[in-house]
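Below you'll find the structure, written out as structure tokens, and then a few comments.
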Amino acid sequence: MRAPLSWIRRYVPVPQDQGGRDVAARLVAAGLEVETVEVLGSEVTGPLVVGRVRSVEELTEFTKPIRYCRVAVGAGNGEVLDGTTTDERGIVCGASNFAAGDLVVVALPGAVLAGGFAIASRQTYGRVSDGMITSERELGLGEDHSGIIVLPAGTAEPGDSGYPLLGLGDAVLDIAVTPDRGYALSIRGIAREVATAYGLPFEDPALVDPESLLGQPSGEPPHACSIADPSAADRFVLRTIAGLDPTAPSPQWMRRALVACGMRPVSLAVDVTNYVMLELGQPLHAFDRAKLRGPLTVRRAAPGEVLETLDHTRRPLDPDDVVIADPHGPLAVAGIMGGLDSEIDDDSHAVVIEAVHFAAHAIARGSRRHKLSSEASRRFERGVDPQLPAIASARAAALLVALGGATYVGTDRVDAVPPTEPVTIPADLPGRIAGMPIPVDRVSAHLAAVGADVQVQDAALVVTPPSWRPDLRDPFDLVEEVVRLEGYDSLPSTLPQARPGFGLTTDQRLRRRVGRALAGAGLVEVLSYPFTGSAELDALGVPADDPRRALVRLANPLSDEAPQLRTTLLPGLVAAARRNLSRGATDLALAEVGLVFRGAGVGESADPPRPPVTRRPSDVEVAALEAQLPAQPRHVAGLLTGERDRGGWWGPGRRADWSDAIGVVSGLAEELGVAIDVAPAVHMPWHPGRCAAISVAGAVIGHAGELHPRVVEALDLPARTVAFEVDLDALLAHVPAAAPAPVISTMPVAKEDLAVVVGAEVPAERVRAALLRGGGALLESVRLFDTYEGAQVGEGRRSLAFALRLRAPDRTLSTAEVAEVRAAALAAAQAECGAVLRA
Amino acid sequence: MSAPNKTYDPVAVSALSDDAVAAAREAALAAITAAADLEALKAVRLEHAGDRSPLALANREIGALPPAAKAEAGKRVGQARAAVKRALEEREVVLAHLRDERVLVEEAVDVTVPVDRRPRGARHPLTTLMERIEDVFLAMGYEIAEGPEVETEWHNFDALNIAPDHPARTMQDTFFVGSPEGGVVLRTHTSPVQVRSMLDRPLPIYVACPGRVYRTDELDATHTPVFHQVEGIVVDEGITMGDLKGTLDHFAAAMFGAGIVTRLRPSYFPFTEPSAEVDLQCFVCRGASVGDPDHPCRTCSSEGWIEWGGCGMVNPRVLTACGIDTTRYTGFAFGMGIERTLMFRHGITDMRDMVEGDVRFTLAFGMES
Ligand SMILES: [Zn+2]
């Protein structure tokens with residue numbers, strides 16, 4: 001809402017030394033969000049006067065139309081002739097939207113216009129131009145530079161100052177109005193806040209007897225109105241006027257006010273309804289009575305009805321839409337936008353002015369449904385003062401009578417507004433909530449200042465909120481009014497004493513540890529958007545029946561390419577990698593920890609559970625709510641490409657390979673104390689021969705290895721890019737609560753090497769596990785240190801060399817014992833993996 | 001060694017002469033001193049203290065002397081040999097030390113060459129900032145609560161006093177999951193975690209909820225559809241707006257330095273009543289830049305205050321929806337944007353830097369922010 005300070009001053013005697021910024025500061029402290037304070041034409045200085053064009057001479061020798069005008073600019077403002085100053089100047093002008101006799105605004109030499117444009121007497125187009133006839137843009141009043149400003153006849157005299165006439169120097173406050181402050185979408189509401197903030201009297205423009213504005217009706221029957229659906233509206237006032245001069249111009253002061261408030265002047269009838277809406281906050285609609293085919297009614301739309309609205313859009317109407325209709329069909333989407341067919345035009349002589357108090361939620365729903373927000377709907381959905389329809393419609397009709405030569409025909413009305421219920425609060429409640437004592441007389445005074453009626457009853461206050469504050473319905477709503485007027489700056493700064501807490505949960509602590517471990521392992525964390533599309537899964541080669549295809553869908557995605565939520569973190573990492581690569585990076589190790597979403601048909605229910613909010617939902621209701629949500633496990637994933645170990649003076653670098661991907665995962669598992677199993681797997685998007693399934697306690701929780709060459713090519717990644725992705729929640733679920741301490745033997749270790757030959761397809765880990773199992777308690781560890789494939793072991797065979805460490809808790813092992821353990825380990829590997837001792 | 005010779009041996013006699021022993025001794029000592037390194041010393045040892053050295057030979061001749069001369073000659077030769085031995089030992093220590101010194105010099109390297117074999121990793125500054133904020137509240141006795149990012153409308157709106165037709169639903173541009181009527185959304189704020197905390201936890205409640213939230217804004221320099229918030233909620237007996245103010249002041253001081261305070265401005269949120277905007281005192285200029293055009297402050301645009309978040313007393317309607325006795329308990333809640341906090345804390349001017357995953361951005365923050 002844009003509010004010119006000059007307009008506010010009509011209702012509040014704001015001291016003259018208070019400028020726009022001062023008033024804005026007061027309003028901010030009172031809780032109105034003033035976004036900007038703009039001074040109209042703030043750059044304009046110097047002589048700016050009204051002129052009357054006396055003569056126009058068309059200069060035809062130029063490529064564009066140029067006029068030389070003689071303009072009366074007031075006594076003493078004209079050119080000097082024979083030592084005396086005249087009242088006339090010659091001015092060259094490129095505009096042609098004016099004629100001799102018109103009133104214009106002239107910048108005299110010495111004036112500086114918007115953009116620092118200095119006006120001086122100068123030779124141009126073969127004439128002396130002694131000033132400038134100005135347009136809105138040159139004065140910084142608007143963007144319109146199609147023509148110069150022509151003032152309505154009789155509104156000023158040559159020589160009058162242009163500054164007050166055009167509102168130059170007036171400050172305009174732009175206020176973002178929160179949903180609870182519908183009344184602030186009017187000069188009336190803002191002025192009331194200004195008055196309260198300054199402690200000044202407020203002259204309420206709505207505090208009038210509406211009928212007194214209009215005088216006697218003409219006696220002809222006015223247009224009739226009714227409310228067919230009481231749930232949609234509870235007050236309808238319809239004023240009828242006749243004999244309007246449709247060509248009557250809007251007065252300059254009204255046009256200026258509209259422009260300052262950001263609205264475009266259209267015609268007198270439209271301008272008047274907009275002006276009154278800005279002034280009082282009641283949206284009005286003017287219909288051309290000649291286009292109406294019967295009485296107007298407020299009703300819901302009938303199935304199949306369609307309306308073409310003023311924005312030239314044909315809108316199919318929903319049976320829940322509220323419409324203003326005549327017997328032949330809807331004329332307006334009520335409270336949102338009028339229809340094209342009944343629009344006022346330059347042939348409208350009989351006009352009906354509609355003012356309705358609509359149910360806020362009905363308008364809000366319609367506005368959402370039609371994705372149509374208008375000046376009217378923004379007010380109605382926040383709640384409009386139900387007392388306004390009569391006053392605003394009378395004010396508009398009176399203005400049309402006064403300015404458009406119309407006569408007042410009469411009024412029809414429906415009234416079903418219920419009385420405002422009082423709210424009772426303990427008198428000390430505001431102070432108790434604020435945390436500082438606020439005496440009861442101050443509480444009463446603050447509530448009275450917002451317009452409430454306050455009755456003191458013992459220790460309680462019975463408060464009847466004013467009609468323009470439908471948001472004041474709870475005790476705490478009144479508390480806010482009292483505390484904000486008391487001033488938030490006066491609140492004390494105290495600290496509540498929390499009970500001793502338990503710190504981070506185990507999972508929270510472990511997740512921090514995972515984050516640090518990943519960074520410690522050289523990975524850089526990224527935070528990707530979770531939006532995805534099936535094309536990304538296609539590029540990863542994810543098969544159709546894969547659980548990762550159970551995508552959660554968005555109803556209103558930002559992009560048609562990514563209408564779903566991720567089931568894997570890999571696409572985000574790929575995108576981040578490609579972005580880094582395109583910016584010149586060559587070696588990358590990226591990681592992400594974040595939620596993935598899995599579930600089909602999420603949010604598709606036609607009738608989702610909606611427990612009431614007037615009590616705590618039952619356990620059953622909570623469970624029904626939770627059942628609406630998809631699985632949202634937290635994953636950890638990474639992607640590595642380029643050098644994992646850098647090259648340098650120490651030697652060549654080492655490129656990341658499949659083993660680095662597995663290494664990061666096993667490093668994390670070790671960090672967390674979780675025993676994982678690594679087994680070969682075939683799982684897209686990984687290379688079928690270079691992919692490990694990571695499992696815990698028999699369940700696969702992720703994969704790691706080199707990406708499939710086809711995927712790498714499709715995603716335009718560097719060859720041999722590797723990646724991992726693990727369900728972090730599943731991993732954390734297996735973190736031991738308290739790891740048992742190992743028994744540390746101080747006896748000497750016996751070291752044995754053991755090379756076995758197995759089939760090339762046998763995973764080394766299987767052999768290692770068999771050796772470890774077979775060796776028994778005395779076999780402390782088994783570690784693979786070499787592999788060999790080649791002629792010496794035969795086709796399809798592989799040699800695996802293991803380092804064994806043997807140790808007893810209580811003695812030095814004898815040679816015989818060592819040999820025994822070694823033999824037992826070998827025997828197990830033989831039995832389980834077909835391993836034979838390498839010759 | 002030759003067998004004792006009882007006959008007089010003129011050669012031996014000359015070898016055992018005063019002069020001869022002294023000369024051998026001097027020659028040995030001179031050679032020892034002259035030995036430049038351990039290698040040379042080894043040769044000197046062989047020549048002057050070995051089995052074939054003059055003093056060793058002289059020693060061998062002592063047996064041939066008449067008994068009366070034996071003692072005297074033995075003493076002279078013995079002293080000479082001892083002196084040589086001592087000189088050898090001392091020289092060896094000196095030369096070994098010199099050798100060690102030389103080796104250390106020879107082994108010197110250029111320690112300024114790059115040593116970054118393993119590229120460095122880093123955590124995202126938003127992550128570390130959230131942890132830092134968590135730590136502030138943990139230290140105040142709060143617990144950290146989390147919730148799902150795909151959330152029911154009931155948790156995200158209804159329970160927070162945002163009725164289905166409330167303008168606040170359109171004020172926050174919501175991603176709907178499935179169909180717009182399906183009752184499931186991407187949470188538009190972390191406030192549903194407040195609801196979950198009130199439903200799940202015993203009273204009193206002191207909880208902070210950091211997390212990821214979603215709004216249908218296109219990504220540009222100042223907007224992102226996916227961002228992070230931290231909210232706090234306290235529900236206890238006798239909680240006041242002064243408690244809210246004090247908690248925010250403490251939070252501000254913990255994050256931005258002792259003495260930094262907050263300012264509350266009236267505002268509107270459906271889930272709090274009274275509601276307020278939270279401004280943070282500028283931690284760079286502390287307000288000194290206001291009205292001082294010669295020393296402008298980029299952090300606060302010379303306003304002295306930085307918009308930080310929203311807060312208020314928990315609306316009793318919200319407490320009621322969570323089954324909390326509003327005659328006994330009151331509460332406050334507050335929320336801040338993490339991205340915004342990171343931006344003004346570190347002078348980040350473009351939102352996109354935080355979401356694009358450029359490693360150069362993240363690496364600049366190291367492990368903590
Ligand atoms: Zn500052």
Side-chain angles (χ1 to χ4, degrees), chain A residues 28 31 178-180 361 364-365 368 381 433-435 476-477 479-480 483-484 488 491-496 498 500-501 503-504 508 515 519 522-527 529 552-556 558 576 579-580 587 595 597 602-605 608 610 613 616 625 628-630 632 645-646 648-649, chain B residues 113-114 116-119 121-124 126-127 138 140-144 148-150 152 154 158-159 165 167-168 170 175-180 182-184 206 225-226 234 236 239-243 245-246 249 264-268 273-274 276 313 316 321-323 356-359 362 367:
Chain A
V28 166
T178 51
D180 62 328
H361 58 86
R365 262 206 311 272
R368 265 174 74 182
E381 67 186 12
I433 299 305
F476 272 57
D477 297 333
V479 169
E480 176 172 84
V483 180
R484 82 176 169 91
Y488 282 5
L491 287 170
S493 183
T494 53
L495 273 173
L504 291 174
Q508 288 165 348
L523 284 85
V524 178
E525 186 183 17
V526 299
L527 297 171
Y529 288 173
V552 173
R553 184 179 72 88
L554 291 177
N556 53 337
L558 284 183
R579 193 170 295 123
N580 278 284
D587 311 320
L595 299 192
F597 310 87
V602 174
E604 308 283 3
S605 165
R610 272 286 174 65
V613 292
R616 182 190 169 89
L625 285 169
Q628 302 294 302
L629 299 179
Q632 306 181 49
D645 294 321
R646 285 202 186 101
W649 54 269
Chain B
V113 297
D116 51 348
R117 291 171 172 78
R118 166 62 55 96
R123 309 182 71 201
H124 199 282
L126 288 171
T127 306
L138 287 165
M140 294 167 76
Y142 288 48
E143 291 180 0
I144 308 302
E149 291 174 15
V150 175
T152 72
W154 189 88
D158 299 15
D165 301 314
T170 44
F175 281 110
F176 290 92
V177 171
S179 82
V184 181
Y206 289 78
V226 181
V234 166
D236 202 345
I239 293 295
T240 69
M241 246 182 128
D243 293 337
K245 173 87 168 78
D249 284 343
L264 302 188
R265 282 182 290 118
S267 187
Y268 168 77
E273 191 78 47
M313 300 301 287
C322 298
E356 286 183 337
D358 193 313
V359 296
T362 304
M367 288 291 270

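Note that this is a predicted model, so its numbers are computed, not measured. First the proteins, then the strands, lettered A, B, ... as listed; each starts at 1.
- No donor-acceptor pair under 3.5 Å is formed between the side chain of B:R265 and the backbone N or O of B:A276.
- Of the two parts of B:I144, the backbone and the side chain both hold a non-hydrogen atom closer than 4.5 Å to a non-hydrogen atom of chain A.
- Ranked by heavy-atom pairs shorter than 4.5 Å toward chain A, the options B:E149, B:M140, B:R117 are led by B:R117.
- Only the side chain of A:F597 comes within contact range of chain B, with heavy atoms under 4.5 Å apart.
- Only the side chain of A:Q508 comes within contact range of chain B, judged by heavy atoms closer than 4.5 Å.
- In this structure, chain A has heavy atoms under 4.5 Å from both the backbone and the side chain of B:D158.
- Most heavy-atom pairs under 4.5 Å with chain B: of the set A:V28, A:V552, A:D587, this distinction falls to A:V28.
- Atom OG of B:S179 is separated from atom CG of A:L554 by 12.0 Å, given to the nearest 0.5 angstrom.
- If you measure heavy-atom distances from A:L629 to chain B, the contacts under 4.5 Å come from the side chain alone.
- Comparing A:L625, A:T494, A:V526 by how many heavy-atom pairs each has under 4.5 Å with chain B, the most go to A:T494.
- Residue B:M313 touches chain A through its side chain alone, counting heavy-atom pairs closer than 4.5 Å.
- Scanning all heavy atoms of the two residues, the minimum distance from B:T362 to B:R123 falls at CG2-O, 3.4 Å.
- Here B:G182 is the residue among B:G323, B:G141, B:G182 with the most heavy-atom pairs under 4.5 Å with chain A.
- Counting heavy atoms from C-beta on, the side chains of B:D243 and A:L495 never come closer than 4.5 Å.
- For chain A, the nearby parts of B:F176 are the backbone and the side chain; heavy atoms of each come within less than 4.5 Å.
- With chain B as the partner, the residue from A:V602, A:N580, A:L595 showing the most heavy-atom pairs under 4.5 Å is A:N580.
- When each of A:P500, A:G501, A:A555 is scored by its heavy-atom pairs under 4.5 Å with chain B, the top score falls to A:A555.
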* Could you go through the salt bridge (Lys or Arg N to Asp or Glu O under 4.0 Å) check for A:R368 and A:E381 one step at a time? => CA-CA 10 Å; A:R368 265 174 74 182; A:E381 67 186 12; over 6 Å; no

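- The candidate from A:G435, A:P608, A:S605 with the greatest count of non-hydrogen atom pairs under 4.5 Å with chain B is A:P608.
- The CG atom of A:L491 sits 12.0 Å away from atom CD1 of A:I433, with the distance rounded to the nearest 0.5 Å.
- Side-chain atoms of A:E525 come within 3.5 Å of backbone N or O of B:H124 as a donor-acceptor pair.
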* Criterion side chain to side chain contact (heavy atoms under 4.5 Å, CB included) on B:E273 and A:V479, from CA distance to verdict -> CA-CA 8 Å; B:E273 191 78 47; A:V479 169; over 6 Å; no

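- A distance of 11.5 Å separates OG of B:S267 from CZ of A:R484, quoted to the nearest 0.5 Å.
- For the options A:H361, A:R579, A:Q632, heavy-atom pairs under 4.5 Å to chain B are most numerous at A:Q632.
- A 4.5 Å side-chain heavy-atom check between B:K245 and A:P492 finds every atom pair outside the cut-off.
- Taking B:T127, B:V150, B:T152 one by one and counting their heavy-atom pairs under 4.5 Å with chain A, the maximum is reached by B:V150.
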